Protein chains: 2
Amino acid sequence: MNAKKAVERQTGVALWRQIADLIRLSISNGDYDQTGMVPPEIVLAAQFGVNRHTVRSALAALADEGLVQAIQGRGTIIQRKERLSFPISRRTRFSQGLGGQARETEAKLLAQAVLPAAGEVAAGLKIPPGASCIQLDLVSSADGRPVSCSTSFFPQGRFPAMAEEFERLHSITKAFMAQGLVDYVRVSTELVARHADAAELALLRLSPGAIVIEATAINADPEGVPVQFSRTRFAADRVKLKIDT
Amino acid sequence: MNAKKAVERQTGVALWRQIADLIRLSISNGDYDQTGMVPPEIVLAAQFGVNRHTVRSALAALADEGLVQAIQGRGTIIQRKERLSFPISRRTRFSQGLGGQARETEAKLLAQAVLPAAGEVAAGLKIPPGASCIQLDLVSSADGRPVSCSTSFFPQGRFPAMAEEFERLHSITKAFMAQGLVDYVRVSTELVARHADAAELALLRLSPGAIVIEATAINADPEGVPVQFSRTRFAADRVKLKIDT
DNA sequence: CCGAAATGTCTATTAATATAGACAACAATA
DNA sequence: TATTGTTGTCTATATTAATAGACATTTCGG
């Protein structure tokens, strides 16, 4: 197991950031669970083959994220290590999926708009290009930490009060129910991973260089008629996607 | 749409690398399909708010990947833009999945070993810890470009000739068939995205800072008995994972 | 064939990153 | 309480990343 932790120079990614990423990974892998602490700076410096100050920069970044806390004289203790397991299946729903893993989940409406469906959205929802659809931008959090941000489109003809119902109920599932749709299933999901852009860094409170997993999904009613086209970006270091087939 | 392309300073990720990532994304999004060329360096520099030399560093990195080619006097032309769509379902198989998207697919055996199953592997395969299993390390390519590298474990008791059969047939599916297993299905898949480590950079021929999607999966025979535990790392900028439910 | 527009190359300067070493401050413990 | 093992802070230096400007070279269209 004991994989050699290698960092590369002259790559455009600063050593301290590479090291921060590796330590974050080790933490979420449970490598330091025995002590609940990160190894001493000198040890890490030796492991990575860099100067102690470089390791300190990495740990400072992790402390900034709230992942660890350094205490003079004692060491650097681990504050958090969870990676939420997020199910993707025919019945994917945000809040249910996290059942038990987080004390509190929240979905916050950032923006809403009514606009003509175009290209990808119209095709996904199977409505004619130009037909009105409702766009909702959300940020979802678990225990106060943002986990994902999403942009969803709904056909306005069928769900005219989507925005209002969501604001009232704070749940897509409940907003669907309030408008007469009691059940829906996931019909397709596409995943892509990339670096977070500036907007996502801000929304998800990520540190620059962080990774997001972008899931483009379509939900449909039991008859197979699409009801939602969504694009959700997950903070990759906070989630694990579990695919149930 | 025209999202502001923002780069962040003092983040541990060099500006030229952030810009290279953004341009790569624009290329795969088809933003430059009208001309088949990247915008002029001066235009990009203005868009990103950086010096032209910084943009040149980014383009040099992309040229190094073979994604673009700069021609003095004319501009920078796009050489490649594909992102392979990779299905994940109960019947996920590498070569079939890419049907039609690539002219030629190849799976190459890097290493093999017989070792006692431990922890995660034993649990996934539902065999007692310490029981022998066969480990195969593969790299899979499409049209000569590496797409994923994987480490798989098989119970030795049931598939003693896994390594030999794979070397002969160059296919996991066929190696299974040669040993009497005619069908198998995917029972679980977990996805995580992270930065590639040094070994993955080399195997997948990625540029440092690149992202991999790590899929941890278990395949089972029709009776539900696990036959394979695998961990596959995809080059994130070359694939799109399509989940069929 | 000239000019506009693009990439290529060079020098110089500033800012960020990384290394090196020394020592202070604090915590736990023998 | 003295020792050991930690993190915190300081100075100094070298390397890499980024900016700035000037000008050469190539391509293409009028």
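So that the names make sense, note that chain A is the first sequence line, chain B the second, and so on, each numbered from 1. All figures in this text were calculated on a predicted structure; none of them were measured in a lab.
B/R17 places its CZ atom 15 Å from the P atom of C/dT17, with the value rounded to the nearest Å. Atom-to-atom, CD1 of A/I42 to C1' of D/dG8 comes out at 13 Å; the value is rounded to the nearest Å. Atom CE of B/M37 is separated from atom P of C/dA5 by 15 Å (rounded to the nearest Å). Put simply, CG on A/L44 is 14 Å from P on C/dT19, counting in whole angstrom units. When the C1' atom of D/dT6 is taken as reference, atom CD of A/Q69 falls 15 Å away, rounded to whole Å. The separation between A/E41 atom CD and C/dA20 atom C1' is 15 Å, rounded to whole Å. The CZ atom of B/F48 sits 13 Å away from the P atom of D/dA18 (whole-angstrom rounding).
A distance of 5.5 Å separates CG of B/L136 from CD1 of B/I172, quoted to the nearest 0.5 Å. Considering CG of A/L59 and CD1 of A/I23, their distance stands at 4.5 Å, rounded to 0.5 Å. The OG1 atom of A/T151 lies 5.5 Å from the CD atom of A/Q135; values are rounded to the nearest 0.5 Å. Annotation: the span from A/C149 atom SG to A/D137 atom CG amounts to 8.5 Å, rounded to 0.5 Å.
Summarising the geometry of A/S148 relative to A/L204, their closest heavy-atom pair is C-CD2, 3.5 Å, with the distance given to 0.1 Å.
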Hey, mind stepping through A/S150 and A/R231 against side chain to side chain contact (heavy atoms under 4.5 Å, CB included) and telling me if it holds? CA-CA 5 Å; A/S150 65; A/R231 180 156 288 156; over 6 Å; no

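The side chain of A/N51 lies closest to C/dA20 when the candidates are D/dT19, D/dT7, C/dA20. Distance from the side chain of B/L15 is smallest for D/dA18 among the nucleotides D/dG8, C/dT17, D/dA18.
One N or O on the side chain of A/R238 and one on the backbone of A/P146 form a donor-acceptor pair closer than 3.5 Å.
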Would you list the protein and nucleotides 26-30 of chain C atom pairs, both N or O, that sit under 3.5 Å from each other?
| from | atom 1 | to | atom 2 | distance (Å) |
| --- | --- | --- | --- | --- |
| C/dA28 | OP1 | A/R74 | NE | 3.3 |

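A donor N or O paired with an acceptor N or O is found under 3.5 Å between the base of C/dG8 and the side-chain atoms of B/R52.
Shown for residues 53-60 of chain A: residues whose heavy atoms fall under 4.0 angstrom of DNA chain C, namely A/H53, A/T54.
Between B/E41 and B/L44 there is no side-chain heavy-atom pair separated by less than 4.5 Å.
Looking at B/Q228 and B/S152, their side chains do bring a donor and an acceptor atom within 3.5 Å of each other.
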